[in-house]
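In what follows, residues are counted from 1 in the order of the sequence shown.
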Amino acid sequence: MLFTNPYFLFGLFAIAIPIVIHLFNFRRFKKIYFSDTSFLEELKVQTQKYSRLKHLLILLLRILAITAMVFAFAQPFIPIAGTQNTIKAKNAVSIFVDNSFSMQSVTDQNRLLDIAKNKAKEIISAYSNSDEFQLLTHDFEGKHQHLCSKDEFLKLIDEVEITASVRKLPEIIKRQQDALSQSPQANKISYIISDFQKSISNFESIKSDSNFTAFLIPLIPQKTNNIFIDSCWFDSPVLQINKTVKLNVKIINSSETAFDKVPVKLMINGKQRAVASIDIKEKEEQILKLSYTITESGIQSGIIEITDYPIIYDDKYFFSYNVAVNIPIMIINGNEENQYLNKLYKLDSVFSVNNFNDKNIDFSIFNNQDFIILNALKTISSGLSQELKRFVDNGGSIAIFPASEIDFDSYKLLSTTLNIDIYEQKDSTDTKVEELNMQHPVYRDVFEKLPENIDLPSVFSFYSFNKNQLSRKEYLLKLLNGKDFLTSSISGKGIVYQSSVPLETNWSNFPRHAIFVPTLFNMAMQSQQGNKLSYTIGNDEVIRIKSINLNGEETMLLKGEQKGFEIIPEHKNIDNQLDISFHNQIKQAGNYHLYKGNQQITDISFNYDRNESRLDFFTSDDIQKIIKDNSLSNYKLIETKNKNLGELIKEINQGIKLWKLFIILTLVFLLAEAIIIRFWR
């Protein structure tokens with residue numbers, strides 16, 4: 001037992017007053033004379049015993065009454081084990097209220113979010129008006145980033161609604177710590193009110209911190225079945241008009257129940273393009289392939305939909321992509337244009353080809369290209385190397401076909417700049433291509449089955465490569481002697497293809513060989529750059545749009561399919577590219593249209609975070625075990641059951657107060673004394 005006002009214990013010296021009174025009886029006796037006292041002797045002895053007992057009881061009750069009264073003024077309390085708060089100190093309190101989709105769950109009492117909001121109000125009722133408070137939700141809104149008064153907190157908590165944003169538990173705790181660290185108050189306390197969904201409650205990333213005390217308040221949701229669409233992607237990144245594509249759809253059953261014949265529907269630009277059904281077992285993931293033919297070029301907006309109840313916010317998956325009318329290709333030639341490249345690309349309407357001489361290059365149009373071919377360049381300038389570096393860093397693809405005679409130093413500079421293998425020396429050995437990499441995207445769909453005795457190009461001379469330790473290389477074609485004939489390397493966000501031979505027949509028959517056409521065709525097709533099919537609401541990603549220039553007062557406008565939704569996103573024009581950020585302005589899943597003035601540039605699709613669709617939660621026992629196993633000494637679990645959370649917090653922060661008990665005891669002792677004096681004769 002401890003005391004809030006221990007100095008009042010000096011009042012115990014007042015116990016001496018009744019003791020002194022009883023030891024020194026100042027009462028005057030009156031003499032009464034009797035003629036014969038022999039009959040009073042026995043009565044006298046008996047009266048003295050009872051009188052002495054009576055006086056001792058009265059003395060004891062007075063001592064106890066004074067002691068109880070002194071204790072009451074000293075305000076005794078029993079501290080709760082594990083709490084370190086200083087009584088009477090000021091408090092800075094941060095309360096996180098989980099307002100994610102899973103908090104829409106309804107219990108016997110109410111919606112989980114409403115229960116959480118009421119718990120937050122009960123918590124602040126345990127604190128004084130002089131304390132400081134912070135409200136935090138998954139939205140991480142600016143108005144929630146500072147400490148406020150109790151009245152302001154009550155207004156903010158009433159405004160909290162369900163959000164599409166989802167934050168991980170360590171990120172939430174970091175925000176609370178940042179806010180609490182700005183306060184000069186002695187006690188820094190945080191509360192986390194949540195259903196503790198496993199997908200976002202990564203306790204293993206949390207570290208114990210003695211600077212503040214954290215209380216975890218779990219809410220128990222009802223068990224609910226849920227099937228949801230997790231993601232989608234195409235088998236091939238190359239999307240062409242009048243070509244059949246396969247869309248992979250990942251569907252997850254997060255419940256303990258199996259489902260049969262769940263309908264799946266695919267809509268493209270408002271038209272149904274595919275339909276299927278799926279049987280999925282409990283806790284199972286499946287990849288469903290939907291095939292359809294691309295019938296038009298330009299912007300394509302898609303929706304994949306399943307039917308599932310009662311959780312419906314994840315039953316639609318939005319995505320969008322562009323089907324290019326043509327692929328822009330730039331060929332930089334050392335001398336004359338190459339007939340083999342021109343025949344391949346200029347006769348196909350899919351490609352838009354521009355030839356330039358290396359002495360007259362327009363660097364300003366690099367960002368408008370998907371594929372750049374260096375053909376027979378003897379020397380590569382440092383300026384060209386830097387521009388090519390910028391091109392691949394932005395996702396472009398390059399193919400290098402050297403000249404018959406090259407400046408090895410300038411090629412080495414290019415290789416070092418791009419982190420690719422270095423052209424080392426010319427080798428005049430006759431050899432042959434022996435191996436073709438069927439797993440590489442360039443050749444993956446060229447052959448159904450590679451013939452055993454396939455005829456591959458012959459080589460009469462070639463350049464050998466010296467490996468760059470920083471290169472991330474993969475071979476496409478390999479020679480009999482084990483050296484590389486054609487390779488691809490990842491550089492920045494793009495790809496660099498390197499040939500060991502020029503496109504000349506006195507070096508190899510590659511330009512006339514049958515493998516030449518699918519190789520160069522697929523290199524160009526693989527160079528198509530597109531944005532991601534969709535983005536996640538709450539993840540503040542920068543979206544880069546190519547070949548966009550804003551002039552003067554021009555701005556970008558994002559419009560939603562929901563009525564009246566229009567925003568001007570933050571955008572930066574850099575090197576003929578547009579970087580766009582939305583900063584949590586998107587709240588609803590859907591396909592959004594991006595405009596430059598009145599011209600629609602592209603579609604951008606947003607979906608809700610699928611972490612919220614995995615309805616697995618930590619129980620109180622799980623949390624207790626995690627706290628113990630991870631040595632999170634400053635984290636405590638609070639289980640309210642039917643008790644008012646405010647009263648429970650008061651007990652935790654201030655201990656179990658006993659002053660009322662001692663007031664009652666004081667009155668009891670005084671009453672007992674009065675009864676003895678009145679009725680003990």
Side-chain angles (χ1 to χ4, degrees), residues 324-420 422-423 426 463 489 491-507 510-511 516 520-521 523-525 527-529 546-549 551 573-577:
V325 177
N326 53 53
I327 298 173
I329 299 174
M330 182 180 189
I331 304 175
I332 302 175
N333 301 293
N335 291 311
E336 299 177 352
E337 296 180 10
N338 186 279
Q339 59 174 323
Y340 303 107
L341 294 176
N342 283 341
K343 284 181 181 178
L344 172 63
Y345 292 128
K346 285 192 174 182
L347 296 179
D348 195 324
S349 61
V350 172
F351 306 110
S352 174
V353 181
N354 287 307
N355 278 279
F356 288 86
N357 187 273
D358 67 336
K359 304 296 188 296
N360 187 27
I361 305 173
D362 185 0
F363 292 138
S364 66
I365 67 170
F366 271 31
N367 283 326
N368 296 331
Q369 311 301 312
D370 284 342
F371 191 35
I372 294 178
I373 300 175
L374 305 183
N375 172 53
L377 271 64
K378 293 182 179 179
T379 301
I380 299 175
S381 68
S382 59
L384 177 57
S385 294
Q386 291 301 321
E387 291 297 329
L388 292 172
K389 168 68 172 172
R390 185 179 301 174
F391 178 71
V392 296
D393 283 348
N394 290 328
S397 295
I398 300 172
I400 304 173
F401 294 96
S404 297
E405 296 180 3
I406 63 172
D407 177 11
F408 285 101
D409 289 337
S410 67
Y411 269 77
K412 183 177 181 179
L413 175 63
L414 175 66
S415 298
T416 304
T417 303
L418 298 180
N419 290 329
I420 58 175
I422 300 168
Y423 287 92
K426 181 179 178 180
Y463 289 107
S489 300
S491 180
K493 295 180 180 178
I495 297 175
V496 179
Y497 300 96
Q498 283 182 278
S499 171
S500 64
V501 299
L503 294 178
E504 298 177 12
T505 54
N506 60 332
W507 282 69
F510 179 57
F516 176 76
L520 272 293
F521 182 88
M523 282 182 183
M525 296 302 296
S527 70
Q528 276 190 291
Q529 297 180 55
K546 278 189 62 179
S547 306
I548 297 291
N549 252 326
N551 301 314
N573 223 166
I574 304 172
D575 296 331
N576 203 33
Q577 297 184 110

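Of all the heavy atoms in D407 and T379, the pair that sits closest is CB-OG1, 3.7 Å. Across all their heavy atoms, L374 and L414 have their closest contact at CD1-CD2, 4.1 Å. Counting all heavy atoms, side chain and backbone alike, P402 lies closest to P502 at O-CB, 3.0 Å. The shortest heavy-atom contact between F356 and M330 is CD1-CE, 3.6 Å. In terms of heavy atoms, F391 sits closest to F371 at CZ-N, 4.2 Å. For the pair K378 and E405, the tightest heavy-atom approach, listed with the atom from each and the gap, is CG-O, 3.3 Å.
Of the residues I331, N326, L341, the one that meets the side chain to side chain contact (heavy atoms under 4.5 Å, CB included) test with V353 is I331. A side chain to side chain contact (heavy atoms under 4.5 Å, CB included) with I332 is found for exactly one of L384, I398, N375, namely L384.
Remark: the backbone N or O of I365 is paired with a side-chain donor or acceptor of Q369 at under 3.5 angstrom.
Inter-residue side-chain proximity for F401 and N338 is flagged as unmet; no heavy-atom pair is nearer than 4.5 Å. For the pair L388 and V392, the minimum side-chain heavy-atom distance is 4.5 Å or more. L520 is not listed as a side-chain neighbour of Y340, based on a closest heavy-atom distance of 4.5 Å or more. The closest side-chain heavy-atom distance from I495 to M523 is not below 4.5 Å. The side-chain heavy atoms of N354 and D362, taken from C-beta on, include no pair separated by under 4.5 Å. Counting only heavy atoms from C-beta outward, the side chains of M525 and F351 approach each other to under 4.5 Å. Side-chain contact check for I400 versus V496: some heavy-atom pair is nearer than 4.5 Å. Under the 4.5 Å side-chain criterion, counting only non-hydrogen atoms from C-beta, I422 is not in contact with Y411.
Atom OG in S352 sits 10.0 Å away from atom NZ in K346 (nearest 0.5 Å). The OG atom of S489 lies 9.5 Å from the CG atom of N419; values are rounded to the nearest 0.5 Å. To the nearest 0.5 Å, atom CG of residue N335 and atom OG of residue S404 are 9.5 Å apart. Between S381 atom OG and I361 atom CD1 the span is 6.5 Å, to the nearest 0.5 Å. Rounding to the nearest 0.5 Å places OH of Y423 at 7.5 Å from OG of S500. For the atom pair CG (L377) and CG (N357), the distance works out to 8.5 Å, reported to the nearest 0.5 Å.
F366 and F363 have their aromatic ring centers within a separation under 6.0 angstrom.
Around the NZ atom of K412, the shell of radius 6.0 Å holds no more than 12 heavy atoms that belong to other residues, nucleotides or ligands. Around the NZ atom of K493, the shell of radius 6.0 Å holds no more than 12 heavy atoms that belong to other residues, nucleotides or ligands.
Judged purely by distance below 3.5 Å, without hydrogens or angles, the side chains of N355 and N342 pair a donor atom with an acceptor atom.
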